[in-house]
There are 2 protein chains.
Amino acid sequence: MKNKEITIYDIAKALDISPATVSRGLRDHPAINRKTKKKIMDIAKEMGYRSNTFASSLRLKRTNTIGVIVHRLDSYFVAMVLAGMEKVASESGYNLIISQSLESMAKEVANANTMFNSRVDGLMVSLAYDTEDVSHFDPFITKGIPLLFFDRVYKHKNCPTVVIDNFKSAYEITTHLIKQGCKRIAHVTGDLKRNVYADRFEGYKKALEDNGLVYSDELLIINYLNEHIGHNVDAAQQLLNMNPRPDGVFITNDAFAAYCMRELRLAGVAVPQDIAVAGFNNDPISELVDPNLTTINYPSYEMGEVAAKTLINHLKGESNMLLTDSIVLKSELIIRESSLKKGLL
Amino acid sequence: MKNKEITIYDIAKALDISPATVSRGLRDHPAINRKTKKKIMDIAKEMGYRSNTFASSLRLKRTNTIGVIVHRLDSYFVAMVLAGMEKVASESGYNLIISQSLESMAKEVANANTMFNSRVDGLMVSLAYDTEDVSHFDPFITKGIPLLFFDRVYKHKNCPTVVIDNFKSAYEITTHLIKQGCKRIAHVTGDLKRNVYADRFEGYKKALEDNGLVYSDELLIINYLNEHIGHNVDAAQQLLNMNPRPDGVFITNDAFAAYCMRELRLAGVAVPQDIAVAGFNNDPISELVDPNLTTINYPSYEMGEVAAKTLINHLKGESNMLLTDSIVLKSELIIRESSLKKGLL
DNA sequence: CTGTTAGCGCGTTCAG
DNA sequence: CTGAACGCGCTAACAG
């Protein structure tokens, strides 16, 4: 039934040459006669030969596979990053093994182990919501397997990171809210253990400070920012319960912000008149809700491309030097209706 | 620097037993003494042993890896399906190799070949937009590698499929529009080569027919349905140009429908009063736009789970019989404001 | 330009 | 219950 897998030996026998020659011919080795090569290629196709990756991997001690660990697959941002990575990886002949931590450190640890055992040639990671330490990645460092963090990064020794300037972005968007006349701006964000949220929080506070506004902890709402579970209702409720009620809010996730806007509206609050709203990511949803959401354009697809390129360059030995580099991609403020208390520009 | 990879031989030497025993011990073989097993496990951990997947794969002729080919990663629907697949796969000890066809048959063929050469144990596919024939999957059939189609399927011999009842869903949502008083309902959908679009088209037509409405080709708009490129403007324009203008439209993608609604509004058309709109998928966006979008709930996460379970069961030999089965998941109409010409229920 | 040889690490007969 | 020996398919010396 399942016809036998054919090997270089079968080809060698058929052509009455040595397996080594076949191996070389198949891999387009320069030191092989054109004609021999052609013969090998032809008969290989004819016989339905396919190279055996394991045998090759076993020999070469590499897999041409890159691992990716993300927090969730069902997020626009993540999907875009992966799309970028997949493009670059496949262009360079690498496969991607993707797994999701589901925002849990325990699962992230398990994923890391699986990746390690799968002997990926390199690993790209965006940390889970609650990851406390990153010792589960130590085996990679120890074994010299390139490890790269993106988005939710950790300054691990010898690990490149790909990020945006979260501080600056938050500073800009908060400043924008202030210029629109907001005096009391709340901040809805994720766990401050994650750089992305911590940096944005700092940028937000700095903007307040630079503009003579006072920050107090009651303005801060920490939330899972997961649009699929209904935390959004909680967050919106917290906003509404603040006393005095804020006149602006900076929410570090567009989809979540969109849900919050809906709750606010249901509670009779006008956006942006009563509360101006700003999001983060430039998720397509930001353009589709009414009012359109002011946000930060996060170059997610590009981040995937850059991360993959960086890792692959390193794998190919084309750049051993940029190991500890931090690559910062350009993000930018996008002003839309949800924050325009003063009307259109 | 990179400390040497340790093997069963190293463990064997350290314990002064044979590699065979170590191999068995590690795999919890019944015919090995408890104590020996324990010793092996302990020292393996201590020495930082990790099993070599290739050597094992080379020997066993399987990879514990499942391939997935999707049209795009950057789609809510796809992300949800993958999330479901990843969960099931990782629970069963399988890795997922994911690649995207970017809606191009050429890329899909390349992806299929890569998967084939990577020797995935099974493959799950949702076809690209323009795939004409599926002969690029023949090698899998020939070699007896389980192949499964989901969503955008093809009735290939011996391939299970996982789908929803697209005909019925379309019939229901169209009927709903008609009940709301729509007399002239347009249909925006994808390439009719794909079952999902063809079936929905048929369901739509049947609903018209059953309710005494006439279908004509000018009501049909074929579009890539890709929200990231701007085809939406074209589609909306075509809707507006129809003469007489339709009073309802069934668009087979929520995100795309949301974009179209925006264009319609910009053109001064009221939804649902002038044109009632219905989408498809129950993308979160459908709840966030104003008016909320009437849609069909597509159990995407569940589809991922079911597809992966089906394939894995088959791989484990627990069910050779369901090969040609077609699994139909339950979808359901969700009525929201965008179609309620008659006001709230 | 081509062939010979050897070994990557594991699992599995077959013998004890 | 354990060990010896072989081979999965490929590639990299080393020789010619």
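Just so it is clear, the model here is predicted, and its values are computed rather than measured. Quick note on labels: first sequence line is chain A, next is B, and so on, each numbered from 1.
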Residues E108(A) and R152(A) bridged, charged N to O under 4.0 Å: no

ring-ring contact (aromatic ring centres under 6.0 Å, His included) pairs, two or more places apart, involving residues 97-120 of chain B: F116(B)-F140(B)

Candidates dG9(C), dA4(D), dC8(D) - which lies nearest the side chain of K61(B): dC8(D)

5' precedence on DNA chain D between T53(A) and D16(B) (nearest-nucleotide basis): D16(B)

dG11(C) OP1/OP2 closer than 4.0 Å to side-chain N/O of S56(B): yes

Along DNA chain C (nearest heavy atom to each residue), the more 5'-positioned of F54(B) and T21(A): T21(A)

Spacing between H29(A) atom NE2 and dA12(D) atom C1', to the nearest angstrom: 10 Å

Sugar-phosphate, base or nothing in reach of I32(B), heavy atoms under 4.0 Å: sugar-phosphate

Gap between atoms CG and P, on N52(B) and dG7(C) respectively (whole Å): 18 Å

Whole-Å distance separating the CZ atom of R62(A) from the P atom of dC8(C): 18 Å

side-chain hydrogen bond (donor to acceptor under 3.5 Å, both in side chains) contacts touching residues 43-61 of chain B (sequence neighbours left out): E5(B)-R50(B)

Separation of atom CD1 in I17(A) from atom P in dT4(C), rounded to whole Å: 11 Å

Touch class at under 4.0 angstrom, heavy-atom based, for T36(A) against every strand present: sugar-phosphate

N195(B): partners by side chain to side chain donor-acceptor pair (under 3.5 Å), with sequence neighbours left out: none

Minimum-distance nucleotide (side-chain atoms of L58(B) versus dC1(D), dC8(D), dC10(D)): dC8(D)

Give me, pair by pair, the N or O atoms of the protein and of nucleotides 12-16 of chain C that are less than 3.5 Å apart, along with how far apart they are.
{"residue": "dT12(C)", "atom": "O4'", "partner": "R59(B)", "partner atom": "NH1", "Å": "3.1"}

For T21(B), all residues meeting side chain to side chain donor-acceptor pair (under 3.5 Å), sequence neighbours excluded: S18(B)

Side-chain N or O of Y9(A) closer than 4.0 Å to phosphate OP1/OP2 of dG7(D): no

Inter- and intrachain pairs under ring-ring contact (aromatic ring centres under 6.0 Å, His included), touching residues 11-46 of chain A, at least two apart: none

Closest nucleotide among dC1(C), dG9(C), dG3(C) to the S18(A) side chain: dG3(C)

Spacing between I40(B) atom CD1 and dC1(D) atom P, to the nearest angstrom: 13 Å

Atom pair distance, as rounded to whole Å: CZ in R119(A) and P in dC10(C): 7 Å

Whole-Å gap separating P (dC10(D)) and NZ (K13(A)): 13 Å

Exercise: identify the closest heavy-atom pair between M47(B) and A14(B): SD-CB, 4.3 Å

Protein-nucleotide distance (I8(A), atom CD1; dC8(D), atom P), rounded to Å: 12 Å

